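Data block below; observations after.
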Amino acid sequence: MNLLYQLAASSSTMPSVPTGDAARAIGPGFAGFVATALLVIVVIFLIRDMVRRIRRVRYTAETEQRQQDLVERGRLIQGDDDFPPTAGEAGASGRPGA
């Protein structure tokens, strides 16, 4: 048992810490910096585009809701018979406008 322990302890050596040029060769260097910078720039533009598209969808939904509210308000003022049913409403037969 002692022999196995001595063999295991003698064969494991701690690697030395690189210094000088060897330490510089380990890192990604300038190419890694450029690749990371480009990735960050692309992600920033993608996030801005996504926010713009989400905002556009939200404004469209708000506009449609306002228009629907105006139609309902107009129906209340003019009376129900003056306006045809909207796409969401169905007549007695189950078809719009019937």
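A quick note: this is a predicted structure, and the numbers were derived from the prediction, not measured.
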Qualifying residues under side chain to side chain contact (heavy atoms under 4.5 Å, CB included), relative to I47, sequence neighbours excluded: V43, V51
As an exercise, state the distance from CD of E62 to CD of E64, rounded to the nearest 0.5 Å. 11.0 Å
Answer with yes or no whether the hydrophobic clustering places L38 together with F33; edges join I, L, V, M, F, W, Y residues whose side-chain heavy atoms lie under 4.5 Å apart. yes
In this structure, CD1 of I77 is separated from CG of L70 (nearest 0.5 Å) by 9.5 Å
All salt bridge (charged side-chain N to carboxylate O under 4.0 Å, His left out) counterparts of R58, not counting sequence neighbours: none
Transitive ILVMFWY cluster of I54 at side-chain heavy atoms under 4.5 Å: who else is in it? M50
Charged N to carboxylate O below 4.0 Å: is that the case for D49 and R53? yes
CD of Q67: more than 12 outside heavy atoms within 6.0 angstrom? no
